[in-house]
Trainee: 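Handing you a structure now.
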Amino acid sequence: QVQLVESGGGLVQAGGSLRLSCAASGSIFSANAMGWYRQAPGKQRELVARITSGGRTNYADSVKGRFTISRDNAKNTVYLQMNSLKPEDTAVYYCNAEYFSGGLHTQNYWGQGTQVTVSS
């Protein structure tokens, strides 16, 4: 089955930058979409950014203009460039990959998460 491995998290000061990477393996098919979600303690998981195999993107309003998602379909890898980081960006960031499982139904796979901490 599909496995996702994230990397690139860490501790940075406000205004700094980080680049997250996520590689998917275990499927001979490319994901229909890949994305990044985040979750802080006591908070609900929320969408940060998502990109389809065709390059269509979605961003949370809170990160528009600061974060950029990109994807290398040949490598089954998705990236998240995070600039101008704010303390409120602090969370565990999870990679997500969406595959068609039949018809229009999809199956989601998740990485283990990588911690991003932004200090003030």
Trainee: Could you report the tightest heavy-atom contact between Thr57 and Ile69, atom names first, then the distance?
Mentor: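 Where Thr57 meets Ile69 most closely, the heavy atoms are CG2-CG2, 3.8 Å.
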
Trainee: Search all heavy atoms of Trp36 against all heavy atoms of Ser21 and return the closest pair with its distance.
Mentor: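 Closest approach of Trp36 to Ser21: CH2-O, 3.6 Å.
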
Trainee: Excluding sequence neighbours, so at least two apart, what forms side-chain hydrogen bond (donor to acceptor under 3.5 Å, both in side chains) with Gln115?
Mentor: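 By the side-chain hydrogen bond (donor to acceptor under 3.5 Å, both in side chains) rule, Gln115 matches Thr117.
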
Trainee: Between CZ of Phe67 and CG of Leu85, what distance do you get to the nearest 0.5 Å?
Mentor: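 With rounding to 0.5 Å, CZ (Phe67) is 5.0 Å from CG (Leu85).
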
Trainee: Do other residues, nucleotides or ligands put more than 12 heavy atoms under 6.0 Å from the CD atom of Gln39?
Mentor: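 Yes.
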
Trainee: Go through the structure and list residues passing side chain to side chain contact (heavy atoms under 4.5 Å, CB included) with Gln112, not counting sequence neighbours.
Mentor: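 Testing Gln112 for side chain to side chain contact (heavy atoms under 4.5 Å, CB included), a comparison that skips the adjacent residues, returns Glu6.
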
Trainee: When you measure from the side chain of Thr52 to the backbone of Ala33, do you find a donor-acceptor pair of N or O atoms at a distance under 3.5 Å?
Mentor: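 Not at all, since once roles are kept as given, no pair shorter than 3.5 Å links the two residues.
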
Trainee: Report the residues that fulfil side-chain hydrogen bond (donor to acceptor under 3.5 Å, both in side chains) with Arg66, sequence neighbours left out, ordered by chain and then residue number.
Mentor: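 Partners of Arg66 under the side-chain hydrogen bond (donor to acceptor under 3.5 Å, both in side chains) test: Asp89.
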
Trainee: Please identify each residue that fulfils side-chain hydrogen bond (donor to acceptor under 3.5 Å, both in side chains) with Glu46, with sequence neighbours left out.
Mentor: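 Partners of Glu46 under the side-chain hydrogen bond (donor to acceptor under 3.5 Å, both in side chains) test: Arg38.
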
Trainee: Give every residue pair that meets the salt bridge (charged side-chain N to carboxylate O under 4.0 Å, His left out) criterion with at least one member in residues 109-120, sequence neighbours excluded.
Mentor: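 Residue pairs passing salt bridge (charged side-chain N to carboxylate O under 4.0 Å, His left out), neighbours aside: none found.
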
Trainee: Below 3.5 Å, can you tabulate the donor-acceptor pairs from side chains in residues 104-111 to any protein atom, sequence neighbours excluded?
Mentor:
from: Asn108; atom 1: OD1; to: Asn96; atom 2: ND2; distance (Å): 3.3

Trainee: Determine the minimum heavy-atom distance between Cys95 and Leu4, stating which atoms define it.
Mentor: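 For Cys95 versus Leu4, the nearest heavy atoms are O-CD1, 3.6 Å.
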
Trainee: Only distances under 3.5 Å count here; give the side-chain donor-acceptor pairs of residues 10-17 to other protein atoms, sequence neighbours excluded, each with its distance to 0.1 Å.
Mentor:
from: Ser17; atom 1: OG; to: Asn83; atom 2: OD1; distance (Å): 2.9

Trainee: When you group the ILVMFWY residues by side-chain heavy-atom contacts below 4.5 Å and let the links chain together, are Val118 and Val48 in the same group?
Mentor: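 Shared cluster, yes.
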
Trainee: By side chain to side chain contact (heavy atoms under 4.5 Å, CB included), which residues pair with Lys43, not counting sequence neighbours?
Mentor: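 Partners of Lys43 by the side chain to side chain contact (heavy atoms under 4.5 Å, CB included) criterion, ordered by chain and then number, come out as Ala40.
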
Trainee: How close do Ser70 and Val78 get, heavy atom to heavy atom, and via which atoms?
Mentor: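 Looks like O-CG2, 3.2 Å.
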
Trainee: Kindly write out the residues that satisfy side chain to side chain contact (heavy atoms under 4.5 Å, CB included) with Ala31, not counting sequence neighbours, or none if the list is empty.
Mentor: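 Residues passing side chain to side chain contact (heavy atoms under 4.5 Å, CB included) with Ala31: Met34, Arg71, Ala97, Tyr99.
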
Trainee: Using a side-chain heavy atom cutoff under 4.5 Å and only I, L, V, M, F, W and Y, what cluster partners does Val5 have?
Mentor: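 Hydrophobic cluster check, Val5: no partners found.
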
Trainee: Under the side-chain hydrogen bond (donor to acceptor under 3.5 Å, both in side chains) rule, collect the residues that match up with Lys64, sequence neighbours excluded.
Mentor: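 side-chain hydrogen bond (donor to acceptor under 3.5 Å, both in side chains) list for Lys64, sorted by chain: Asp61.
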
Trainee: Listing request: all ring-ring contact (aromatic ring centres under 6.0 Å, His included) pairs with a residue in residues 69-96, at least two apart in sequence or in separate chains.
Mentor: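 Found none.
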
Trainee: About how many Å separate CG of Leu18 and CE of Met82, when rounded to the nearest 0.5 Å?
Mentor: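 Taking CE in Met82 and CG in Leu18, the distance rounds to 4.5 Å.
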
Trainee: Sort out for me which residue in Leu80, Val92, Leu20 forms a side chain to side chain contact (heavy atoms under 4.5 Å, CB included) with Val116.
Mentor: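 Answer to the side chain to side chain contact (heavy atoms under 4.5 Å, CB included) test with Val116 among Leu80, Val92, Leu20: Leu20.
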
